[in-house]
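Okay, so here's the structure we're looking at.
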Amino acid sequence: ETGVTQTPRHLVMGMTNKKSLKCEQHLGHNAMYWYKQSAKKPLELMFVYNFKEQTENNSVPSRFSPECPNSSHLFLHLHTLQPEDSALYLCASSQVLAGSTDTQYFGPGTRLTVL
Amino acid sequence: GQSLEQPSEVTAVEGAIVQINCTYQTSGFYGLSWYQQHDGGAPTFLSYNALDGLEETGRFSSFLSRSDSYGYLLLQELQMKDSASYFCAVRADNYGQNFVFGPGTRLSVLP
């Protein structure tokens with residue numbers, strides 16, 4: 001399998017549920033990202049992992065909890081979400097080197113609906 | 001704060017040329033990228049500019065003027081399949097840890 005994969009593709013959950021989103025990259029990259037894409041809003045960078053270390057957390061509520069067990073896998077653990085958290089959650093990876101190009105490879109996303 | 005601005009919608013006919021502008025205001029600047037996203041699909045990388053000037057890749061070209069905090073994506077010989085949303089994105093640090101995306105421009109190509 002190639003590229004960046006995400007599972008599940010669709011998820012419906014209640015506000016009291018706990019679920020996890022999974023991302024896997026098969027490109028040998030050293031950085032992985034979680035983005036949130038809501039209707040009519042720009043892509044929002046949520047978390048960045050560089051060499052498995054979390055290097056960025058853009059003021060994301062604690063009900064979102066990332067985990068990066070190795071450089072190929074990234075999880076987003078969800079609990080006690082709100083309806084406004086319904087969105088498309090995109091995972092991306094890139095090979096980060098100072099001065100390099102910025103190509104990010106995105107997965108297909110998980111469409112999350114919180115009831 | 002950090003922000004990028006793009007037109008929300010652009011409409012053109014097949015075979016035409018269209019330019020999508022992007023202005024940015026960010027804490028740092030290490031490159032401007034463009035992504036295409038079809039409905040229901042993932043964003044895919046189109047081009048990247050770190051230095052001023054024009055980069056050409058087939059029917060797509062991208063331009064950057066750092067002094068004006070401005071760039072554009074130029075699409076030539078438009079095809080129906082080019083109907084999609086186009087996002088500009090700025091890398092605001094040198095190690096790929098801070099990306100800021102624009103709101104996207106919805107391009108509709110008419111027959």
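Just so it is clear, the values below take in all heavy atoms, side chains as well, and ignore hydrogens, waters and symmetry mates. Residue numbers start from 1 in every chain, and the chains themselves are labelled A, B, ... in the order their sequence lines are given, proteins ahead of strands.
For A:Gln6, no part sits under 4.5 Å from any heavy atom of chain B, backbone or side chain. For A:Tyr105, no part lies under 4.5 angstrom from a heavy atom of chain B. Using a 4.5 Å cut-off between heavy atoms, A:Leu90 contacts chain B through its side chain alone, with no backbone atom that close.
Taking the side chain to side chain donor-acceptor pair (under 3.5 Å) definition, one finds that B:Thr105 meets it with B:Gln6, sequence neighbours left out.
Proximity to chain B among residues 74-84 of chain A is not found for any residue, judged by heavy-atom separations below 4.5 angstrom.
Ring centroid separation for the pair A:Tyr35 and B:Phe99 does not come in under the 6.0 Å cut-off.
Each of B:Val13, B:Leu78, B:Asp82 was compared with B:Val18 under the side chain to side chain contact (heavy atoms under 4.5 Å, CB included) criterion, and only B:Leu78 meets it.
Formation of a donor-acceptor pair under 3.5 Å by the A:Thr113 side chain with backbone atoms of A:Ser86 is not found in this model. Side chain of A:Gln25 to backbone of A:Ser94: no donor-acceptor contact under 3.5 angstrom is found. Between the side chain of B:His38 and the backbone N or O of B:Lys81, at least one donor-acceptor pair lies under 3.5 Å.
Between the side chains of B:Gln2 and B:Ser27, at least one donor N or O sits under 3.5 Å from an acceptor N or O.
When each of B:Pro103, B:Pro43, B:Gly102 is checked for heavy-atom pairs under 4.5 Å with chain A, B:Pro43 comes out on top.
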Ring pair (Phe, Tyr, Trp, His ring centres under 6.0 Å), that's the test. Do B:Tyr35 and B:Phe87 meet it? Break it down for me. CA-CA 5 Å; B:Tyr35 288 82; B:Phe87 298 88; 8.3 Å; no

